[in-house]
Amino acid sequence: MEESMEEEEGGSYEAMMDDQNHNNWEAAVDSFRSPPPPQPSIPVSAREPPGGQLLAVSVERKGPKEGLSMGPPPPPEANGVIMMLKSCDAAAAVAKVAPAPTPSSTININTSTSKFLMNVITIEDYKSTYWPKLDGAIDQLLTQSPGDYIPISYEQIYSCVYKCVCQQHSEQMYSDLIKKITNHLERVSKELQASPPDLYIERFNVALGQYMGALQSIVPLFIYMNKFYIETKLNRDLKDDLIKLFTEHVAEKHIYNLMPLLLEAQATPFQVTPSTMANIVKGLYTLRPEWVQMAPTLFSKFIPNILPPAVEAELSEYAAQDQKLQRELIQNGFLRGDQSRKRAGDELTYNSSSACASSRGYR
């Protein structure tokens, strides 16, 4: 009887302790779930350092080896709040331990700026390294024949131009480019002056076509200089400047010798190929449109809207000019059109007669 009573008393005591522990657990959980009450204002000197409370709790909780009661287990960390508090306290402690930065440690040199300063291109570097590369490429472009392949690196040349512009060498580079092309055109002009009359037109056509073809490569290579120096500071365009150079150093010096030869070639059909004549006339019109006044009829054959519109009263004159041209063609032996028409008429007569004969035989 006594044993049963002792067991009941022991069980009631354990149940009571379990209820107390459970209540303590719920209270602790509720304290973590609910926002903490506002803390009273405490002087800064009396406040505990970060992590002081957690340190006190960890000191009070000794293991069973020290003979202290463990108490209720800590509640689970909800949404990582405890971990965040611990990490913040640790960061604050490290910040307190770390020494304050000295004024010398606050000086920071940008690596890109220092790298740029180390790669400064002086005027001596430009003259000895960068311009020789551009000079060689321009030589090859000016002397190439249409359709030829030039083994130069356009990317490397464009990179040289880009670096020189960024290093404020645009003015020097533009001056060198103009001087380079001017010297080339002066040599071309001297070669044309030494040409015989029967080769003059053809050689002028080659020089004009070669130069215009070179501009299609030279202008894009110097597009960065054109955009940030010529257009911005000079208010001009690189292509217009280079075309003007050919006009001044070649075309103007040879126009008065070239135009009589072109008119003579026009009076003699097929003395000069039509493609050569068209290229020269269109090129001269591009260089200087007012040169049309020297030979309006010649320019009107290759460029539309050069002459004024036709008038009904002048139709007879136009017909007389066409008849004159036909007589000149016949005198030079161009009878292919008449013979082809005669053959076409004979074939038409033969076909019609055979058709009639076949139709009669069919009936």
Side-chain angles (χ1 to χ4, degrees), residues 113 115-146 148 150-194 203-204 206-255 283-291:
T113 304
K115 183 178 180 181
F116 178 77
L117 293 176
M118 292 175 63
N119 293 332
V120 172
I121 300 176
T122 62
I123 189 64
E124 291 78 10
D125 296 334
Y126 166 79
K127 292 181 179 180
S128 62
T129 303
Y130 289 89
W131 175 248
K133 295 180 181 179
L134 300 176
D135 185 89
I138 295 170
D139 263 336
Q140 296 185 32
L141 292 172
L142 289 174
T143 57
Q144 70 172 341
S145 299
D148 287 353
I150 298 180
I152 63 174
S153 175
Y154 288 89
E155 182 180 1
Q156 182 182 10
I157 300 304
Y158 182 84
S159 177
C160 289
V161 174
Y162 173 81
K163 292 177 181 178
C164 292
V165 172
C166 292
Q167 295 289 329
Q168 306 298 321
H169 297 300
S170 299
E171 182 177 359
Q172 183 65 42
M173 184 166 52
Y174 176 73
S175 176
D176 292 339
L177 177 63
I178 297 300
K179 183 178 180 181
K180 172 73 177 179
I181 295 182
T182 299
N183 294 334
H184 169 76
L185 293 177
E186 288 178 353
R187 290 194 300 269
V188 170
S189 179
K190 293 180 180 179
E191 292 176 358
L192 287 176
Q193 290 177 356
R203 290 184 178 179
F204 185 88
V206 171
L208 177 62
Q210 191 176 43
Y211 184 76
M212 292 301 178
L215 293 189
Q216 295 180 1
S217 298
I218 294 176
V219 173
L221 288 177
F222 289 86
I223 189 172
Y224 202 76
M225 181 187 69
N226 184 42
K227 183 175 182 61
F228 291 95
Y229 175 72
I230 301 176
E231 292 181 355
T232 304
K233 296 185 177 181
L234 303 181
N235 296 323
R236 297 200 302 267
D237 182 75
L238 178 60
K239 184 177 181 180
D240 296 339
D241 288 354
L242 298 184
I243 290 177
K244 185 179 179 181
L245 288 180
F246 188 89
T247 303
E248 294 176 351
H249 296 279
V250 178
E252 285 184 352
K253 295 179 179 180
H254 297 271
I255 185 66
L284 294 176
Y285 182 77
T286 301
L287 298 177
R288 186 161 292 178
E290 54 266 25
W291 282 340

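Because only heavy atoms are used, hydrogens play no part in the values below, and waters and symmetry mates are left out as well, while side chains stay in.
For E155, the CD atom is loosely surrounded, since the number of other residues' heavy atoms within 6.0 Å does not exceed 12. In the displayed structure, K253 atom NZ is contacted under 6.0 Å by more than 12 heavy atoms of other residues, nucleotides or ligands. The number of heavy-atom neighbours closer than 6.0 Å to CD of E231, taken from other residues, nucleotides and ligands shown, is above 12. Within 6.0 Å of the OH atom in Y162, the count of heavy atoms belonging to other residues, nucleotides or ligands does not exceed 12. In this structure, L234 places its CG atom where more than 12 heavy-atom neighbours from other residues, nucleotides or ligands lie under 6.0 Å away.
Sorted by first and then second residue, the salt bridge (Lys or Arg N to Asp or Glu O under 4.0 Å) pairs with a member in residues 126-143 read D135-K180, D139-K180; sequence neighbours excluded.
Rounding to the nearest 0.5 angstrom, the gap separating the CD atom in Q172 from the CH2 atom in W131 is 9.0 Å. Atom NZ in K239 sits 8.0 Å away from atom CE in M212 (nearest 0.5 Å). One distance of note links CH2 of W291 with OG1 of T286; it measures 11.0 Å at 0.5 Å rounding. Here the straight-line distance linking atom SG of C164 with atom OH of Y229 works out to 13.5 Å at 0.5 Å rounding. One distance of note links NZ of K244 with CZ of R288; it measures 9.0 Å at 0.5 Å rounding. Atom CD1 of I181 and atom CG of L142 lie 5.5 Å apart (nearest 0.5 Å).
Side-chain atoms of T247 never come within 3.5 Å of backbone atoms of E252 as a donor-acceptor pair (strictly under, hydrogens ignored).
The shortest side-chain heavy-atom distance between R187 and H184 falls under the 4.5 Å cut-off. Within the 4.5 Å cutoff, side-chain heavy atoms of F246 are placed close to those of L208. For the pair L141/L221, a side-chain contact is recorded, criterion being any heavy-atom separation below 4.5 Å from C-beta on. Contact check for S217 versus Y154: side-chain heavy atoms found under the 4.5 Å cut-off. Counting heavy atoms from C-beta outward, I178 and L242 have side chains that approach closer than 4.5 Å. For the pair Q167/D125, no side-chain contact is recorded, criterion being any heavy-atom separation below 4.5 Å from C-beta on.
For R236, the side-chain hydrogen bond (donor to acceptor under 3.5 Å, both in side chains) criterion is met by Y174, D241, not counting sequence neighbours.
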Go through D237 and I230 one step at a time and tell me if the side chain to side chain contact (heavy atoms under 4.5 Å, CB included) criterion holds.
CA-CA 6 Å; D237 182 75; I230 301 176; 5.7 Å; no
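Of all non-hydrogen atoms in H254 and S189, the two that sit nearest each other are NE2-OG, 3.0 Å. Shown here for Q144 and Q210, the closest heavy-atom pair between the two residues is O-NE2, 2.9 Å. The two residues P132 and S128 make their nearest non-hydrogen contact at CG-O, 3.5 Å. The minimum heavy-atom distance between V250 and L185, with the atom names listed, is CG2-O, 3.7 Å. In plain terms, the two heavy atoms of M173 and L134 that are nearest each other are SD-CD1, 3.7 Å.
The aromatic rings of Y158 and Y224 stand perpendicular to each other, their planes meeting at an angle above 60°, with 30° marking the opposite boundary.
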